[in-house]
Asks: 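Following this message is one structure expressed as structure tokens.
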Amino acid sequence: MYLRKNRLLLFIIPVLAIIISSCSSSRETNVKHGSGYNFKAGYPEFRMSAFGFVDENESTQLKVTTQLIKGSLIYKQQDDSLIARVSISIKIIDTDNPNNIISEKHVKQKITTKNEQINSSRESVKSEFTFPVSPSNYKTIVTVTDLNSSKKISQEANTYIPETKKGAYSLSSIQMYGKEIGETSWKQINTYDVKGKIDSLRFVFQIISPRSKKKMRLNSRLLRFDSDTSYTRPMHHSNYSPSAIEYKGIDYDKETELQSNRRVLNDYKSIFIEYKFETQERGNYRFEVTAQKGNQEEIYKGRDFGVKSKNYPAIQSVRELAKPLIYLMGEKDHKELMQISDNDSLKKEMDRFWLKNVGNAQKARSVIRLYYQRVEEANKQFSNFKEGWKTDPGMIYILFGSPWYTENHLKSLTWYYSYNHQDPDYTFNFFQPKLKNKYYPFTHYLLQRTNNYYTVQYMQRQLWLTGQILTRQL
């Protein structure tokens with residue numbers, strides 16, 4: 001890989017899962033956003049979730065689900081097959097007593113395939129593990145090790161399982177599932193991001209309560225928030241106004257109710273409830289549930305998610321491949337390109353663009369491969385309310401690659417692409433907007449733009465368009 005050793009993506013700050021807290025007075029603390037990618041080039045890639053529930057015997061359980069991406073593993077040839085070997089380690093810790101490890105589990109898996117293109121696959125291997133636990137707060141740490149490369153990576157999730165007494169009740173966290181067109185089975189979605197090719201969504205949660213004859217009022221809503229889904233501005237343009245949606249990212253004060261449902265439950269115990277919806281257009285959403293029994297306190301749970309491009313985080317369709325070319329073409333030429341409605345004609349025009357500039361077909365293929373590799377990695381590293389390649393850090397990463405050196409501060413980030421840290425041309429300063437919402441869940445960095453970047457961006461484009469980017473970064 002082209003990433004520099006000992007500088008492995010120090011600037012990655014994944015979208016973290018929000019901890020559910022029953023004692024908070026704010027609804028926002030009861031909204032989950034899913035786990036982040038925690039992406040590192042050359043390391044195993046996986047998603048995980050931890051879900052607390054009550055089984056048919058009224059015993060509390062913690063279910064841990066992992067989804068391991070096959071294409072992120074190292075395969076070794078054995079006879080006529082390719083084989084990857086991984087180990088999955090799960091550690092459950094009682095956060096009320098951090099020294100108390102409730103349970104540990106270690107399993108090994110072997111993945112066998114004859115597909116020589118497996119390293120490009122986004123297929124996943126799903127594993128589920130269930131642990132008997134007592135009601136409490138838990139931290140679940142999952143570590144996946146690629147046994148062929150010895151590289152390992154970890155993710156963690158926080159889960160709260162309430163203790164209920166007769167007459168009391170609670171809600172579990174909301175689990176999210178998706179189904180693509182033509183498929184019959186639902187696949188769990190553990191991340192904030194939802195591929196645009198998902199046709200239907202399913203939300204499942206549990207009412208945790210001993211048997212009761214008191215009626216429970218259950219209300220649910222699907223909301224859409226005003227948010228930025230556009231391309232980011234060129235480096236030399238003016239900075240965003242604090243009132244602009246690009247500055248805010250998401251405006252949680254501006255919501256649109258898409259669907260709602262009200263129902264009354266009678267004579268129930270701990271049961272699962274589910275709701276199904278058609279997938280919405282690209283944007284940012286929340287499915288929320290409120291439950292109330294008699295005059296008792298209302299309980300609220302929510303699951304936020306964002307609908308991204310069709311094959312996210314990969315870039316596969318012709319139109320998906322065309323969109324990131326805005327960083328090399330400029331706005332006017334790119335607008336004309338995107339106005340081509342026929343996909344075959346669009347592909348031919350893109351081929352002409354690359355060959356006209358790079359000249360050599362073989363070199364052009366190498367440049368194209370590198371460009372879209374960075375686009376996909378930008379998606380895995382910088383996505384928030386929109387695809388990572390559309391963000392300011394994503395744009396700089398695609399054009400310039402991994403920074404040579406980084407500095408992280410409380411609300412700012414600096415990337416250096418020069419050994420001279422006083423070099424204004426190859427120093428990029430990012431800042432986090434001042435937002436009023438203290439529970440804003442995303443890492444949202446904006447580039448401090450300046451007119452001086454016009455020449456810098458032009459020169460970097462020329463490296464790409466001439467194919468020199470293959471031998472020099474700047």
Side-chain angles (χ1 to χ4, degrees), residues 1-17 35-50 64-93 98 101-129 131 139-157 190-191 313-314 369-370 372-374 376-383 388 397 401-406 408 473:
M1 295 295 293
Y2 53 87
L3 295 179
R4 297 169 180 269
K5 292 182 179 179
N6 301 323
R7 300 193 185 103
L8 285 173
L9 311 181
L10 298 176
F11 44 89
I12 302 173
I13 306 178
V15 181
L16 300 178
S35 63
Y37 275 90
N38 194 24
F39 172 78
K40 288 185 180 181
Y43 284 72
E45 184 181 334
F46 74 100
R47 273 23 115 231
M48 61 86 67
S49 68
V64 179
T65 303
T66 65
Q67 290 176 302
L68 179 62
I69 305 301
K70 292 181 180 180
S72 68
L73 303 175
I74 301 298
Y75 291 81
K76 290 186 177 181
Q77 188 81 37
Q78 184 173 318
D79 298 328
D80 60 345
S81 299
L82 295 170
I83 297 178
R85 293 180 173 86
V86 299
S87 70
I88 301 175
S89 298
I90 301 172
K91 183 184 294 185
I92 299 174
I93 301 172
I101 299 176
I102 300 300
S103 185
E104 285 188 273
K105 190 177 185 66
H106 307 275
V107 297
K108 292 184 178 181
Q109 291 184 351
K110 182 172 73 172
I111 300 168
T112 303
T113 181
K114 296 181 183 294
N115 179 13
E116 295 183 355
Q117 305 299 319
I118 187 64
N119 291 118
S120 301
S121 172
R122 298 298 305 171
E123 291 183 8
S124 63
V125 179
K126 180 180 177 181
S127 301
E128 290 185 347
F129 310 92
F131 303 86
K139 175 187 289 186
T140 302
I141 303 173
V142 177
T143 301
V144 173
T145 304
D146 186 330
L147 298 177
N148 285 341
S149 67
S150 299
K151 291 183 177 180
K152 62 182 178 181
I153 195 165
S154 299
Q155 288 196 35
E156 62 182 54
N190 296 327
T191 58
R369 189 180 304 113
L370 175 59
Y372 289 109
Q373 178 179 313
R374 289 193 184 176
E376 182 173 335
E377 291 182 350
N379 276 346
K380 295 174 183 176
Q381 297 174 54
F382 309 113
S383 290
Y397 179 83
S402 174
W404 296 12
Y405 182 75
T406 66
N408 286 280
Q473 184 171 334

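Not measured: the values here are computed from a predicted model. Scope of the values below: all heavy atoms of this structure, side chains included, with no hydrogens, waters or symmetry mates.
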Asks: Using a strict cut-off of less than 4.0 Å between a Lys/Arg side-chain nitrogen and an Asp/Glu carboxylate oxygen, indicate whether Glu45 and Lys380 qualify as a salt bridge.
Replies: yes
Asks: Hey, does Thr66 have a side-chain heavy atom less than 4.5 Å from the side chain of Val144?
Replies: no
Asks: Report yes or no: does Glu116 contribute a side-chain atom to a donor-acceptor pair with the main-chain N or O of Ile118 at less than 3.5 Å?
Replies: no
Asks: Drop me the distance from Phe46's CZ to Ser72's OG, to the nearest 0.5 angstrom.
Replies: 10.0 Å
Asks: What are the two closest non-hydrogen atoms of Gln473 and Ser402, and how far apart are they?
Replies: NE2-O, 3.5 Å
Asks: Hey, could you give me the NZ/CD distance between Lys70 and Glu123, rounded to the nearest 0.5 Å?
Replies: 4.5 Å
Asks: Considering only heavy atoms from C-beta outward, does the side chain of Leu68 approach that of Ile111 to under 4.5 Å?
Replies: yes
Asks: Counting only N and O atoms by type, is there a donor-acceptor contact under 3.5 Å from the side chain of Asn115 to the main-chain atoms of Gln117?
Replies: yes
Asks: For Asn148 and Arg85, which heavy atoms make the closest approach, and how far apart are they?
Replies: ND2-N, 3.8 Å
Asks: Using the side chain to side chain contact (heavy atoms under 4.5 Å, CB included) criterion, which residues pair with Thr145? Sequence neighbours excluded.
Replies: Ser87, Thr143, Leu147, Lys152
Asks: Which atom pair, heavy atoms only, marks the closest approach of Gln77 to Asp80?
Replies: NE2-C, 3.8 Å
Asks: Less than 4.5 Å apart, side chain to side chain, heavy atoms only: is that true for Gln155 and Val142?
Replies: no
Asks: First locate atom CD of Gln67, then atom CZ of Arg47, and finally report the distance between them rounded to the nearest 0.5 Å.
Replies: 7.5 Å
Asks: Considering the options Val86, Asp146, Ile74, which one meets the side chain to side chain contact (heavy atoms under 4.5 Å, CB included) requirement together with Pro44?
Replies: Asp146
Asks: For Tyr43, does the six-membered ring have the charged nitrogen or CZ of Lys151 within the cation-pi criterion, i.e. under 6.0 angstrom from the centroid and within 45° of the normal?
Replies: yes
Asks: Could you tell me the separation between the NZ atom of Lys91 and the NZ atom of Lys139, rounded to the nearest 0.5 Å?
Replies: 10.5 Å
Asks: So, Asn379 side chain and Gly388 main chain: donor-acceptor pair closer than 3.5 Å or not?
Replies: yes
Asks: Any donor and acceptor pair, going by atom type alone, linking the side chain of Asn119 with main-chain N or O of Leu73 inside 3.5 Å?
Replies: yes
Asks: Less than 4.5 Å apart, any side-chain heavy atom of Tyr75 and any of Thr113?
Replies: yes
Asks: Enter the distance from Ser154:OG to Met48:CE here, rounded to the nearest 0.5 Å.
Replies: 9.5 Å
Asks: Under a 4.0 Å N-O cut-off, is there an ion pair linking Glu128 with Lys126?
Replies: yes
Asks: What I'd like to find out is whether the side chain of Lys76 reaches to under 4.5 Å of the side chain of Leu82, using heavy atoms alone.
Replies: no
Asks: Rounded to the nearest 0.5 Å, what's the gap from CD1 on Ile101 to CD1 on Ile93? Could you check?
Replies: 5.5 Å
Asks: Could you tell me whether the side chain of Phe131 reaches within less than 4.5 Å of the side chain of Thr140, counting heavy atoms only?
Replies: no
Asks: Counting N and O atoms only, with roles assigned by atom type, does the side chain of Gln381 sit under 3.5 Å from a partner on the main chain of Glu377, one being a donor and the other an acceptor?
Replies: yes
Asks: So, using side chain to side chain donor-acceptor pair (under 3.5 Å) as the criterion, who are the partners of Glu104 when residues are at least two apart?
Replies: none
Asks: Any idea which heavy atoms bring Gln109 and Ser127 closest together, and the distance?
Replies: NE2-OG, 2.6 Å
